[in-house]
Amino acid sequence: MKGLKERMKYRFLDIEKKWQTYWDEHQTFRTHDSSDRPKIYILDMFPYPSGAGLHVGHPEGYTATDILCRYRRMKGFDVLHPMGWDAFGLPAERYAMQTNIHPRATTEENISTFRRQIKMLGLSYDWSREINTTDPKYYKWTQWIFLKIYNSWFDPRANKAKPIETLEEELSAKGTAGLNVDQPFTALEWEKKSRKEQHDFLAKYRLAYLAEIPVNWCEGLGTVLANEEVAEWTEKGYTVERRPMRQWMMRITAYAERLLEDARELDWPVSTMEQQRNWIGRSEGAEIDFPINGRTEGLRVFTTRADTLFGATYMVLAPEHPLVEALTVPELRKTVGDYRTQAARKSELERGIEKDKTGVFIGAYAVNPATGKEIPIWIADYVLMGYGTGAIMAVPGHDERDAEFAKKFNLPIIQVVDGGPEAPEIFIDDGVGMNSSSGEISLDGLPTAEAKKVIAAWLQQKRLGKATVQFKLRDWLFSRQRYWGEPIPIVHLEDGTMTALPESELPLLLPDLKKFQPSGTTESPLALATDWVNVTDGKTGMKGRRETNTMPQWAGSCWYYLRFIDPANPDVFCSAEKERYWMPIDLYVGGSEHAVLHLMYARFWHKLLFDLGYVSTKEPFTRLRHQGIILGEDSRKMSKSRGNVVNPDDVIGQYGADAMRLFEMFMGPLEEMKPWNTRGVEGVFRFLSRVWRLFVDEAGNLNPSIVDKAPGPDFERLFHQTVKKVGEDIDGLRFNTAISQLMIFLNEAMKLEKLPRKELEQFVLLLSPLAPHLGEELWELLGHKTSLAYEAWPAFDPAKTVEDMVEVVLQVNGKVRGKLLVPQGTDDKELERLAHEESNIQRHVAGKKVLRTIVVKNKLVNVVIGS
RNA sequence: GCCGAAGUGGCGGAACUGGUAGACGCGCUGGACUCAAAAUCCAGUCUGGCUUACACCAGGUGGGGGUUCGAGUCCCCCCUUCGGCACCA
């Protein structure tokens, strides 16, 4: 008795194991390159394999893309859907410092866990393409790309990157004639320069370069951080200080305009686009040179409000501004010096928190080019060296920060823009010019936009300035003081020059360390591997020292999507032919926490590779979606301390992978934040069990009620509606509504005595992308010998989706007063007549005047009456 | 402070270009099966009024106003939540 009952049960664990093994053995999801079928490249952001294993957030995005992939395969597409590991990273290294276990070992172990957990979900990845950023066969190419970047420069005339040789050739041919440089030289002079001089000149143009800049040093982590990363770590309680250090940078700023411009064509979430736009921070304005008494060079400022030039009553330099030293009068050297050291100590964060303005007068004066008046020059830390020119003209009448400063230090405030009678004391918006005329120019009466143009033209003509564009984006700090990262393939030679490793020497392997300890300096632990560090340059015979910094974790993820296309190629990072077939990525799914960092860096590298001719598209990710965060059952963020973490292993053990998949998709829209709910998992599990019972009888055989028979008209219509809706919803990533349609279909099917075989088979196909294990099992039970993964997706007949009887709503003044069942397509006249016949309508219309009647075919009749 | 997204039953959420608000699921209530329970199945479930009942009526998509025959959907103002930026001149 019990045995029989056991057999009829939906035994998900056995079924799921069986099909996962089948897919593995048959290599069901192995992708073949370039056929004449349409292609689609669907990518998940590959995970960092942490020691904690998968959490329920990971499967959400992975399941979504998996469903779409399975669906598209059935629609006849070549689908590229790979998975890999972003495996360099700090946690494994920190663990190594505590235990001396090599990060490689920890990483391998974590990857096994992740792989096992991901495979349990039944995701249809092509595992033959698995990649790992820490694999030398992979990072060889990360280093190769680094060299490409190092050996390139950005030609502003072409607005693109070019090999550095093109610059050398140009310099040899015609010197700096075609370039905009401070100290021009001729071709002959170039040839006469020493090896080091040439090297240093070129270094200023390379897209990867070393710079001594104030960086974000995090003592706790023993490394520097990119500006973009600071917030993340300070939130975790680490302190970050500004410290000048010599670091590798990438010239992402050269691409600011293109990163902004090309984003317009992308199908990305608006908030992500917005974040990127903010981060790039383009602003249009003007550069103006303020003459300084007794000096030939002026003081250059950037302003977005050149129209307020007449209101500039003083100037402010950033404390770090290079002219401060020269301009400060002797009597004030001490005060100014003290202020500068004080400001240098403060981190940028601290500067931001202290809203109270500080600053000191340096004793010098500039001339306002519009009024001809002398105005004092101050330094203050509210002006940042990193933005614009590091100097501003202060217009306290129309800028809140300047106003605050002016009030504190009793500097004159002049109003030069009329904001109308309602305007606040400090009016910062657009208005009409006033108090702005000299013998040469007048802005009085001009609207702000107009005034900006007039003043810009005047400045240009007087050679005092010009319209320019500024960006907030800064160059990308690319080096980290870590062991567990890609070594930078550069050697520093004893004459102070650098040499890049030839491609033939890649990969430059990480040396094996016996002990994983911090170097004790600001260098990475690699500095301790003296055998590795000290080298002799083959070409020059000079002694050299390897670069000990490694690349940031973002490096490997900047191009992994290209390696997936051709993962084992030993000769190139990705074959051009395959790249042209598969790129761009048609759908990219991952967390919104990567909105600026990863997504900006990857776009930057991609554009570089595009300029150098290695990829065929200017953008890598055409359509991007973020999965929403899954909260704990208590609607709060999942965390160990709250004890509300849901473990995927447990859920799968209890309800199966299909139920887990289905629930995560049924919870709500993919992108929304939503709470976990165990009852909800039970709900979808019940649905799957009901599907099982519909197909399988108590003895475990195919339900004998399934017969070769045409469906009734109502059921046939529902079938066609279901095919239509499920397909459309999967394409639109609306899995929750696709599932509810399948539920509706099942509910109706359960009511039938005899089940039409053809429709039920097709239903299995519709269900299969969402619950693939159950799908395969039922498909086999229905007598099919091979996997359904490449079965044709069911077709629907639009004509058969329409109801022949429709319910028409009867309204009086827009309020529902009755309903009517009429044949589809009943004409307006007839509907109107029927409406007026209906008793409840007559009751409401009685004694009133009918003004008009609005009829919407197949929808409603609205009788409009007077009072 | 600025920018962006979103507010719908007890809960997760549906509702195509303005046309029956609450699909589907959870929960809850009642019933069937059972010695009993679990599982399963059937019925009900926005709020209020009235009714034996069917029906009917009023209100209802964060709040207030507007456009419209008709608004969850469009416009204006306000409130709340989430995400981002934050002296960027």
Side-chain angles (χ1 to χ4, degrees), chain A residues 5 9 231 269-279 281-283 285 301-305 308 316 348 351-357 380-384 386-395 398-402 404-405 428 470-474 592-593 595-596 626 628-629 635 662-663 666-669 671-684 686-687 689-690 693 725 728 734 736-744 746-747 750 807-819 839-840 843-844 851-856 858-865:
Chain A
K5 275 203 169 161
K9 250 181 82 180
V270 276
S271 59
T272 304
M273 296 276 258
E274 186 65 19
Q275 280 183 57
Q276 293 223 341
R277 225 176 291 136
N278 285 344
W279 193 261
R282 183 182 196 273
S283 73
V301 301
F302 173 75
T303 176
T304 54
R305 290 299 299 271
T308 60
V316 187
E348 203 151 299
R351 280 199 192 181
I353 290 167
E354 277 176 46
K355 291 282 173 190
D356 195 30
K357 298 274 178 295
D381 65 6
Y382 81 92
V383 173
L384 310 170
Y387 183 77
T389 61
I392 62 158
M393 63 175 209
V395 185
H398 303 282
D399 182 285
E400 276 170 2
R401 299 151 300 186
D402 296 344
E404 218 180 295
F405 192 83
I428 57 167
Q470 275 294 330
F471 295 92
K472 253 161 70 175
L473 185 73
R474 319 253 178 109
S592 57
E593 67 273 19
V596 271
H626 302 303
I629 294 167
S635 291
L662 214 56
F663 175 63
F666 190 59
M667 290 167 83
E671 311 210 24
E672 228 91 310
M673 181 186 284
K674 41 209 176 274
W676 185 263
N677 180 356
T678 303
R679 300 269 197 190
V681 190
E682 284 167 13
V684 294
R686 263 201 288 272
F687 165 71
S689 304
R690 276 155 57 84
R693 285 208 313 278
K725 182 149 180 66
E728 286 173 357
R734 295 182 297 270
N736 53 336
T737 49
I739 294 165
S740 81
Q741 184 65 32
L742 291 169
M743 287 172 166
I744 293 169
L746 176 75
N747 290 345
M750 294 290 268
E807 196 175 50
V808 167
V809 175
L810 308 179
Q811 298 181 326
V812 176
N813 282 356
K815 288 190 197 242
V816 181
R817 298 300 180 192
K819 289 166 190 178
S839 62
N840 201 38
R843 199 157 67 80
H844 282 91
L851 300 175
R852 61 177 159 139
T853 304
I854 288 149
V855 181
V856 182
N858 297 329
K859 280 260 162 64
L860 62 74
V861 179
N862 186 11
V863 181
V864 185
I865 57 171

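Treat the numbers as computed from the prediction; the structure is a model and nothing was measured. Note on naming: letters A, B, ... go to the chains in the order of the sequence lines (proteins, then strands), and numbering restarts at 1 for each one.
Searching all strands for a Watson-Crick or G-U wobble partner of C11(B) with both distances below 3.5 Å returns G25(B). Nucleotide C56(B) forms a pair with G49(B), judged by Watson-Crick or G-U wobble geometry with both contacts under 3.5 Å. Pairing for C2(B) is with G84(B), a Watson-Crick or G-U wobble pair whose two hydrogen-bonding atom distances lie under 3.5 Å. Look at C69(B): its Watson-Crick or wobble partner, with both distances under 3.5 angstrom, is G19(B).
Taking every side-chain heavy atom of Y387(A) into account, A89(B) is the closest of G4(B), A89(B), C57(B). In the set C69(B), U20(B), A89(B), the nucleotide with an atom closest to the side chain of T303(A) is A89(B). When distances run from any side-chain atom of N736(A) to the nucleotides G19(B), G13(B), G4(B), the shortest one goes to G13(B). With G27(B), G25(B), C56(B) as the candidates, the nucleotide lying closest to the side chain of R686(A) is G27(B). Checked against G27(B), A14(B), C24(B), the side chain of F666(A) finds its nearest nucleotide in C24(B). Checking A14(B), A89(B), C24(B) against every side-chain atom of S283(A), the shortest atom distance belongs to A89(B). When each of A89(B), C85(B), G13(B) is scored by its nearest atom to the side-chain atoms of L384(A), the top-ranked nucleotide is A89(B).
Ion pair R277(A)/E274(A) flagged as a salt bridge, since at least one NZ, NE, NH1 or NH2 atom sits closer than 4.0 Å to an Asp/Glu carboxylate oxygen.
Side-chain nitrogen and oxygen atoms of R817(A) include none within less than 4.0 Å of the OP1 or OP2 phosphate oxygen of G70(B). In this structure, R693(A) reaches the C41(B) phosphate: one of its side-chain N or O atoms is under 4.0 Å from OP1 or OP2. Contact annotation: H844(A) side-chain N/O to C57(B) OP1/OP2 distance is under 4.0 Å. An OP1 or OP2 oxygen of G13(B) is reached within less than 4.0 angstrom by no side-chain nitrogen or oxygen of S740(A). Taking only side-chain nitrogens and oxygens, K819(A) never comes nearer than 4.0 Å to OP1 or OP2 of C56(B).
Taking the side chain as every heavy atom from C-beta outward, T853(A) and V864(A) never approach each other to under 4.5 Å.
V864(A) comes within 4.0 angstrom of the backbone, heavy atoms only, and of no base.
A donor N or O paired with an acceptor N or O is found under 3.5 Å between the base of C69(B) and the side-chain atoms of N862(A). For Q811(A) against G19(B), a side-chain N or O and a base N or O form a donor-acceptor pair under 3.5 Å.
Each of G668(A) and G680(A) has a nearest nucleotide on RNA chain B; the 5'-most of these lies closest to G668(A). Positionally, the nearest nucleotide of RNA chain B for R679(A) lies more toward the 5' end than for the other of R679(A) and M750(A).
Cation-pi check for K357(A) over Y382(A) is met; the charged atom lies under 6.0 angstrom from the ring centroid and within 45 degrees of its normal.
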